[in-house]
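Remember, predicted model here, so these are calculated numbers, not experimental data.
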Amino acid sequence: MEIRRADERFRTVSEWLDSRHSFSFGPHYDPANVGFGFLVAHNDETVAPGTGFETHPHQDLEIVTWVLRGALAHRDSQGNSGIVYPGLAQRMSAGSGIQHSEWNDGGEPVHYAQMWVRPDAFDLPPSYEQAELDLTTGELIPVASGLAKHASSTAIRLNQPQAGMSVARLAPAQAVELPAAPYLHLFVATGTAELEGAGELGTGDAVRQADSGGRLTAGPGGAEVLVWEMY
C-alpha cells in the first residue's frame, strides 16, 4: 500500500487552469511514477469560466471524465458533443485518432477528474459515450468499466476488459468495502475518509494498493471517492 498526499502531486498552474497530476504528465516527469496498472493519467482539474482546452489530438487511450462541480462542454472531430456535469460520466475512446476540445461555458469554475487508461487493442475506431448515474445509494457504483462483472450495470463501457472505475458518494460515517483487486487506485475527490490499514485521507489524497481492498469510512463531512480496480 502506498499513500500519495494531495500536496505531493505534480501541479500545473496558469491564469485559467489549476491541475494536479497523480502520474508523470507533460513537463512533469518521474521515471518511477509513470502510471499504475492500466492508469497512465489521473488529473484533478479546475478550469476558470470562459476558458478551457482548445482542440487537441489523442490516440489509443480510453479517456474518462467525472465532473465534481460545474459543467464541461465536450466537442470532438467525430461530431460528438455534450455537457458533462456531476453525476454524468463521459468516456471518449481515442482509438486510431481523434481531436476534441473541453470548455467551461459556465459562470463558475468547473472541477473534474480526468483519467486515461490503456485500451486492450490499438487503432480501434474512435467513439464516445456518456451516461447519467444514480449515486444516492451510498454504494460503490460502476461508472466506466470493461469488466465482465459490470456488463449488466449502467456503467459506460471501456475498451479494456481488465479495468473498471466505480464512484461512491458517502454520507458522514457511511462505509463501503473496496474490492481486493491486484491493482486498486483510490482517490478522495471531495471530503475526508478513513481507510482500514491506511488511516485518514483528505481531499485529493490517493492510495495505491495490491490485493488488499479494505473498509473505507467517510469522515464527518462525507466524501466522494473514485475507485479503479484493475486485473
- Item | Gln59 side chain reached by Asp123 side chain, heavy atoms, under 4.5 Å |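 Yes, at least one pair of side-chain atoms sits under 4.5 Å.
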- Message: Taking Ser22's backbone N and O only, do any of them form a donor-acceptor pair with Asn33's side chain (distance below 3.5 Å, no angle check)?
- Response: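 Yes.
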- Please confirm whether the backbone N or O of Gln114 pairs with a side-chain atom of Thr65, one donor and one acceptor, at under 3.5 Å?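 Absent.
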- Between Tyr183 and Val227, is there a shared hydrophobic cluster once you connect ILVMFWY residues whose side-chain heavy atoms come closer than 4.5 Å?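 Different clusters: Tyr183 never reaches Val227 through Ile, Leu, Val, Met, Phe, Trp or Tyr contacts under 4.5 Å.
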When rounded to the nearest 0.5 angstrom, what is the spacing between [atom1] in [X] and [atom2] in [Y]?
X: Met92; Y: Ile63; atom1: CE; atom2: CD1; value: 4.0 Å
X: Arg208; Y: Trp228; atom1: CZ; atom2: CH2; value: 14.5 Å
X: His58; Y: Gln99; atom1: NE2; atom2: CD; value: 10.0 Å
X: Leu226; Y: His185; atom1: CG; atom2: NE2; value: 9.5 Å

Table please: side-chain donor-acceptor pairs of residues 34-48 below 3.5 Å, with sequence neighbours left out.
| unit_1 | atom_1 | unit_2 | atom_2 | d |
| --- | --- | --- | --- | --- |
| Asn43 | OD1 | His21 | ND1 | 3.0 |
| Asp44 | OD1 | His111 | NE2 | 2.6 |
| Glu45 | OE1 | Ser19 | OG | 2.5 |

Only distances under 3.5 Å count here; give the side-chain donor-acceptor pairs of residues 140-148 to other protein atoms, sequence neighbours excluded, each with its distance to 0.1 Å.
| unit_1 | atom_1 | unit_2 | atom_2 | d |
| --- | --- | --- | --- | --- |
| Ser145 | OG | Leu147 | N | 3.0 |
| Ser145 | OG | His150 | ND1 | 2.8 |

- Item | Test: Arg11 and Asp18 ion pair at under 4.0 Å |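 Yes, this pair counts.
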- Side-chain donor-acceptor contact under 3.5 Å, Arg75 with Ser81: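 Judged by distance alone, the side chains do not pair up.
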- Phe53 and Tyr112: which non-hydrogen atoms are nearest, and at how many Å?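 Scanning both residues, the minimum pair turns out to be CE1-OH, 3.3 Å.
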- Task: Could you pull out the closest heavy-atom pair between Leu201 and Arg5, with the gap in Å?
- Result: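 Nearest heavy atoms, Leu201 then Arg5: CD2-NH1, 3.7 Å.
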- Message: Aromatic contact between Trp66 and Phe187, with the criterion being ring centroids under 6.0 Å apart: yes or no?
- Response: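 No: the rings miss the under 6.0 Å criterion.
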- Message: Holding to side-chain hydrogen bond (donor to acceptor under 3.5 Å, both in side chains), I want the full list of residues that pass it with Glu129, two or more places apart in sequence or in another chain.
- Response: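 By the side-chain hydrogen bond (donor to acceptor under 3.5 Å, both in side chains) rule, Glu129 matches Arg91.
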